[in-house]
Amino acid sequence: MMTSIKSVRTGALALFMSLGAGGAALAEGSPAGQAFFWELVDTSATIGQHYTFEPDGSVMQQTTYIFNDGRPEQDVGPSYVAGWSQDGDGGVTVEWADEPSQHCAAWPAYTQGPVDAVPDGDCWLSEQIRNLIREGAVGGYDG
């Protein structure tokens, strides 16, 4: 039974990922609809940061805090943290709201897992995300 439920969910996710806003097909090599997640275990809480590249050109961030002292879980967001655009040759620019813009010559072909598992996979990362990774956060491409 679990296999069939998983297959249905996988098929539904594939269909969703193949459709953009208004049902239009997403461009190959586009960040539209892609999501990334990092989790950092700290002494006081586990902090999860989820970034989604929306088809409308925005990058949204959702942060979850799971406290070790019994306080209730806290969710912050989603909130706008960047805009993204793709030029005619496939290059992607991410314009962070509070940090310098980042540019990818082409959008990486991610697979599930760390962004550095693919060539130039970290080309769009903000300094905040890079700091999380340096501090020991694990995660990456999430679909």
Side-chain angles (χ1 to χ4, degrees), residues 1-86 90-143:
M1 184 67 174
M2 290 295 282
T3 303
S4 64
I5 291 172
K6 184 176 181 180
S7 296
V8 169
R9 283 186 18 197
T10 302
L13 179 60
L15 176 61
F16 174 76
M17 292 299 289
S18 69
L19 299 176
L26 297 177
E28 188 173 328
S30 169
Q34 295 192 5
F36 299 83
F37 180 81
W38 284 275
E39 181 177 271
L40 178 66
V41 178
D42 188 69
T43 56
S44 62
T46 299
I47 305 162
Q49 290 196 342
H50 189 267
Y51 296 84
T52 304
F53 282 76
E54 300 292 346
D56 68 1
S58 62
V59 179
M60 304 300 285
Q61 176 186 350
Q62 173 88 28
T63 304
T64 301
Y65 299 91
I66 302 171
F67 298 100
N68 298 335
D69 62 5
R71 287 183 284 167
E73 181 177 309
Q74 180 182 2
D75 287 320
V76 179
S79 56
Y80 175 89
V81 292
W84 69 270
S85 60
Q86 191 161 25
V92 174
T93 300
V94 178
E95 296 180 25
W96 293 98
D98 297 328
E99 296 188 38
S101 297
Q102 300 294 326
H103 183 76
C104 303
W107 189 251
Y110 291 106
T111 58
Q112 197 77 22
V115 293
D116 61 0
V118 298
D120 208 23
D122 63 352
C123 59
W124 61 271
L125 299 183
S126 68
E127 194 58 32
Q128 176 190 7
I129 297 171
R130 292 174 194 277
N131 284 338
L132 274 175
I133 294 169
R134 281 191 284 270
E135 292 172 14
V138 295
Y141 181 68
D142 197 32

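Starting from 1, each residue takes its place in the sequence as its number.
Under the 4.5 Å side-chain criterion, counting only non-hydrogen atoms from C-beta, S30 is in contact with W84. When side chains are defined from C-beta on, W124 counts as touching I129, because their heavy atoms get closer than 4.5 Å. At a threshold of 4.5 Å between non-hydrogen side-chain atoms, the residues F67 and E73 do not count as touching. Contact check for N68 versus T43: no side-chain heavy atoms found under the 4.5 Å cut-off.
Salt bridge R130/E99: absent, no basic N to carboxylate O contact under 4.0 Å.
One N or O on the side chain of Y80 and one on the backbone of G83 form a donor-acceptor pair closer than 3.5 Å. In this structure, the side chain of Q86 engages the main chain of G29 through a donor-acceptor pair within 3.5 Å.
Judged as a disulfide (SG to SG under 2.5 Å), the pairs with a partner in residues 98-131 (not counting sequence neighbours) are, in order, C104-C123.
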(message) For T93 and Q102: C-alpha separation, side-chain torsions, deciding distance, then whether side-chain contact (heavy atoms from CB on, under 4.5 Å) applies.
(response) CA-CA 6 Å; T93 300; Q102 300 294 326; over 6 Å; no
(request) I would like to know whether Q61 and V59 meet side-chain contact (heavy atoms from CB on, under 4.5 Å); could you show each step before the answer? (result) CA-CA 7 Å; Q61 176 186 350; V59 179; over 6 Å; no
(message) As a quick check of understanding, evaluate side-chain contact (heavy atoms from CB on, under 4.5 Å) for V81 and M60, giving each step before the final call.
(response) CA-CA 6 Å; V81 292; M60 304 300 285; over 6 Å; no
(request) Test I47 against E39 for side-chain contact (heavy atoms from CB on, under 4.5 Å), laying out the working first. (result) CA-CA 6 Å; I47 305 162; E39 181 177 271; over 6 Å; no
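For the residue pair A82 and V94, the shortest heavy atom distance occurs at CB-CG1, 3.8 Å. Shortest non-hydrogen contact noted between G121 and P108 is CA-CG, 3.9 Å.
Ring-plane geometry between W38 and F36 is classed as parallel, the angle between the planes falling under 30 degrees on a 0 to 90 degree scale with a further cut at 60.
Rounding to the nearest 0.5 Å gives a distance of 12.5 Å between OG of S58 and CD of E95. Atom CG of residue L40 and atom OG1 of residue T63 lie 11.5 Å apart, to the nearest 0.5 angstrom. Here the CG atom belonging to D42 is positioned 8.0 Å from the CD atom belonging to E135, to the nearest 0.5 angstrom.
Using a 3.5 Å distance cut-off with no hydrogens or angles, the side chains of Q128 and W96 do not pair a donor with an acceptor. The closest side-chain donor-acceptor pair between Q62 and T64, if any, does not fall under 3.5 angstrom.
Residue D75 qualifies as enclosed at atom CG: its count of foreign heavy atoms under 6.0 Å is above 12.
Ring to ring, Y51 and F37 are not that close: their centroids are 6.0 angstrom or more apart.
Between Y141 and the choices F53, Y110, W107, the ring pair (Phe, Tyr, Trp, His ring centres under 6.0 Å) rule is met once, by Y110.
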